[in-house]
Amino acid sequence: MFLSTKSILASLQRVQDQASLRKSASLKPARSILILVMVLVSALSAFAGSTTFVNVTDTAGLTHFHSTTQTILRTEDICDCMDETPVMTAHAEILVSWITGGVAAGDFDGDGWLDLYVIGGDAGSNRLFRNLGDKTFEDVTAATGVGIEGERTAGAVFVDFDGDDDLDLFVGGVLGTPPRLFRSDLSQSDQSMDGSVAFTDVWSQAFAGFDVAQTPVTWGPAFGDYDGDGDLDAFLPHSMSPHGPELDIESLGSTQHLWRNEGDGTFRDVSVGTGITALFGVEGGPGESSSDQTFSPNFVDLNEDGRLDLVISGDIGTSRVLLNQGGSRFANATDGVVITGRTAMGTTVADFDNDGHFDWFISHVRFADPASGNRLYRGLGDGTLANVTSASGVRNGHWGWGSCAADFDNDGHLDLFHVNGFFHVPNNPFVFGGEWTDTPAVLYRSNGDGTFTESAAIMGLSDGSEGRGVSCFDYDRDGDIDVAISNHRGPFRLWENVGGDSAGFVRVDLAGRSPNTRAIGARLELRATDMASELAPQLRLVRAGSNFVSSDPAEVLFGLGGETGPFALDVTWPDGLISPGIEVAANEELEVVQVRLAVVGQTTIGHGGGVELEGLGEDASGLDVSDQLRWSIDTVDNVVGTGSTLDLSALELELGRHNLFLSLPASADWPETYQPFAVRVLPQGCDTPCELFSDNFESGDTLAWSASTP
């Protein structure tokens, strides 16, 4: 017998009501009722499995409080809502400051344990906590130089922006507080990994063109290589410009959203040239608005063409889907019929239904209107989305903020979690006075069929503070996902997942080639190789994106649903290289290191002759292993040549397009790796110079060969 959580709780309530009635009537409760209670409690326990959460904040040494200088009683004392504010008034400023907070997780000192950076508010201080590996943390803020006191900061993410293999730290700022970009000196020092790593704020040099007066609000950003040049670019979300929600693009010029990494430690504003500014300043089209209320951006390849697209949650109906047009521009693909809801806040991208395509979840405000509330959009793999909110059961999330996707019970299906709360009067059933305070965080547990059941209280994760940011990560490295919550005007909390690892796990860290050393944007797919397995293939994205003013670490944890394997892991690296079929065992932790594999040149053989391709292979240490290269056609296994060169004319290819593969066989230091590319064989009887072979490179460190004359 399978019972839903709601039916179990309802039955328990009926039993309790019956027992109360019998007691009030001086009757002894019937034995059958007690048996029913035992059966229902047993069923509830089976449903919840061994996954429960325990508040370990104090014992972990993470006592921290977020506080602000603003003190008001009700939102009626400020203004009705932000979209009715014509300019950035003092009232609007208070609302913006009440959205601050956040937390970021990342291993800043390289010791293998994930650390935490926590926002403290303008009446508090930001702090960096180093994970000691024994379930406790120590405050190393002073030693590292990343403390910020008395300023309005919001949002943080650990990211290696300069490609030197250590994690730097970005912190957003609001209401005129400039963002910070703390560059780590770990890779340049001989210091031991004891938390004494120093950071230097290089914001003013790295983002020299940024005008804080023009764009005074910058929330937590997203990083990704949108142009395919190997380094990480940045999308900075803003809201409430000095002009209020209505943008005057002619006077503003750029909206300062998209910043290209120049590869020298600096970023250049490319919002205008890539079409981003126009998309936030044009009225009339579907999904378009003249408002800039961007909150939570993420880079993800929605149409699976090898280029990173953008999905951005935005308040006042400004959520957008932007498709990458070849690495130079973005097109607005926001379908106003599908992308609905006007109160978008937090967000995450993940494959929730295990169909091999990335989906998009956005937390919203749940008003009395039955159409309000959260949104879940199913990715179809071609850049379009389908609204599956009602069918999935994730709509009712109160006033949602930071969100994350994680397989909390390791059953092989991703769950959803988001925090809640805001000081707002209407339509709150949880507080007598109606304010949106004490609204609980929600955990939508996957039922494995595309639907979810809210189970936060059942699983022990009862956090009712005014949440803003959340980071989901395995802080104690025991194989299940824990939860860190940044509350606004309230205590920081760490919730330990106790027992979620009992179903088995696989943890993967990627070591990408510099400058993208954490392989941000990589796709990982885990599958069981036993044909009798019931475990569905799982897809994960390595990202440095925003949950809303907060971020998760760039590592991946798969749940195994109690299966023991064997398993295989496929890695598609950000530059298009593919490492297929890596053998993985249950409860294994592995690091996959990216090699270099590239077509680097060509030589035309004789007059009207063929083309000889030259390849390059390097292992993780930079050692030239080109002599081990394999050249294949149609499939990786169909090897037609070995070594650093391939004479295409010797293959006698038919006219038309042919798929070729350059690969390195597996060794002790790297998995098998290949890069697909294409050649097009054209007629040789041309009256004018024409191509014999033409490349179709979409990714990878490649150089096209020139045309030859027959």
Side-chain angles (χ1 to χ4, degrees), residues 50-66 101-121 124-149 156-158 166-167 169 182 184 186 191-199 402 404 406 408 417 419 441 459-463 465 467 469-487 490-502 505 507 509 550-555 557 587 589:
S50 58
T51 304
T52 56
F53 288 87
V54 177
N55 186 347
V56 296
T57 309
D58 293 337
T59 58
L62 290 169
T63 303
H64 179 72
F65 201 87
H66 180 280
V103 55
D107 180 14
F108 82 90
D109 56 358
D111 65 353
W113 298 91
L114 294 170
D115 314 298
L116 289 170
Y117 186 80
V118 186
I119 305 296
S125 61
N126 297 1
R127 300 167 73 182
L128 177 60
F129 293 97
R130 178 177 180 252
N131 191 331
L132 299 180
D134 59 359
K135 293 193 175 185
T136 68
F137 292 76
E138 67 172 340
D139 186 344
V140 294
T141 309
T144 55
V146 294
I148 302 175
E149 295 188 15
V157 59
F158 284 104
D166 52 28
L167 287 181
L169 176 64
F182 292 108
S184 171
L186 176 62
Q191 301 172 22
S192 60
M193 298 176 187
D194 58 359
S196 60
V197 178
F199 289 81
C404 72
F408 292 110
F417 177 83
V419 294
M459 297 174 72
L461 221 170
S462 300
D463 197 305
S465 298
V470 60
S471 184
C472 296
F473 68 111
D474 185 5
Y475 94 97
D476 51 3
R477 315 301 281 180
D478 66 349
D480 52 30
I481 298 295
D482 313 296
V483 176
I485 297 176
S486 168
N487 289 308
F492 177 83
R493 292 195 176 100
L494 177 64
W495 294 86
E496 180 184 348
N497 187 342
V498 181
D501 60 314
S502 60
F505 67 94
R507 188 197 326 279
D509 284 294
S550 52
S551 57
D552 301 327
E555 69 171 22
L557 193 145
N587 301 326
E589 303 181 24

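Given the structure is predicted, the values throughout are model-derived calculations rather than measurements.
Put simply, CG on L494 and CZ on F473 are 5.5 Å apart, with the number rounded to the nearest 0.5 Å. Interatomic distance, CD1 of I481 versus CG of L557, reported as 4.5 Å (0.5 Å rounding). If you take CD on E496 and OG1 on T52, they are separated by 9.0 Å, rounding to the nearest 0.5 Å. Taken to the nearest 0.5 Å, the OH atom of Y475 stands 9.0 Å off from the OG1 atom of T136. Remark: N497 CG to D478 CG distance equals 7.0 Å, nearest 0.5 Å. Taken from CD in E555 to CZ in R477, the straight-line distance is 4.5 Å, to the nearest 0.5 Å.
With sequence neighbours left out, the side chain to side chain contact (heavy atoms under 4.5 Å, CB included) criterion links D107 to D109, D111, L114, D115. Every residue meeting the side chain to side chain contact (heavy atoms under 4.5 Å, CB included) condition with E149, not counting sequence neighbours, appears here in chain and number order: S125. Taking F53 as the reference, F408 meet the ring pair (Phe, Tyr, Trp, His ring centres under 6.0 Å) condition, with sequence neighbours excluded.
Counting all heavy atoms, side chain and backbone alike, T141 lies closest to R127 at OG1-CA, 3.2 Å. When all heavy atoms of D509 and A554 are compared, the pair lying nearest together is OD1-O, 4.4 Å. Taking both residues in full, the closest heavy atoms of C472 and A406 are given as CB-CB, 4.5 Å, listed atom of the first, atom of the second, then distance. Residues F492 and I485 approach most closely at CD1-O, 3.1 Å, considering heavy atoms. In terms of heavy atoms, F417 sits closest to A441 at CZ-CB, 3.6 Å.
Within the 3.5 Å criterion, the main-chain N or O of W113 finds no donor-acceptor partner in the side chain of N131. When atom types are taken as modelled, the side chain of N55 and the backbone of W495 share no donor-acceptor pair closer than 3.5 angstrom. Side-chain atoms of D501 never come within 3.5 Å of backbone atoms of D480 as a donor-acceptor pair (strictly under, hydrogens ignored). In this structure, the side chain of S471 engages the main chain of S551 through a donor-acceptor pair within 3.5 Å. Proximity of a side-chain donor or acceptor of S550 to a complementary backbone N or O of V470 within less than 3.5 Å is detected. A distance-only check finds no donor-acceptor pair linking the side chain of H64 to the backbone of N126 [under 3.5 Å]. In this structure a side-chain-to-backbone donor-acceptor pair under 3.5 Å is present from N587 to F505.
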- Query: For F108 and L169, what are the C-alpha separation, side-chain angles and deciding distance, and is it a side-chain contact (heavy atoms from CB on, under 4.5 Å)?
  - Reply: CA-CA 9 Å; F108 82 90; L169 176 64; over 6 Å; no
- Show the numbers, then the answer: is there a side-chain contact (heavy atoms from CB on, under 4.5 Å) between D482 and D474? CA-CA 5 Å; D482 313 296; D474 185 5; 3.5 Å; yes
- Message: Walk me through whether T144 and F182 qualify under side-chain contact (heavy atoms from CB on, under 4.5 Å).
- Response: CA-CA 10 Å; T144 55; F182 292 108; over 6 Å; no
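Each of D463, T57, D58 was checked for a side chain to side chain donor-acceptor pair (under 3.5 Å) with R493, and the lone residue meeting it is D463. Between F129 and the options V140, V103, D139, a side-chain contact (heavy atoms from CB on, under 4.5 Å) holds for only D139.
Using the six-membered ring where Trp is involved, Y117 and F158 have ring planes that are perpendicular, over 60° apart on the 30 and 60° scheme.
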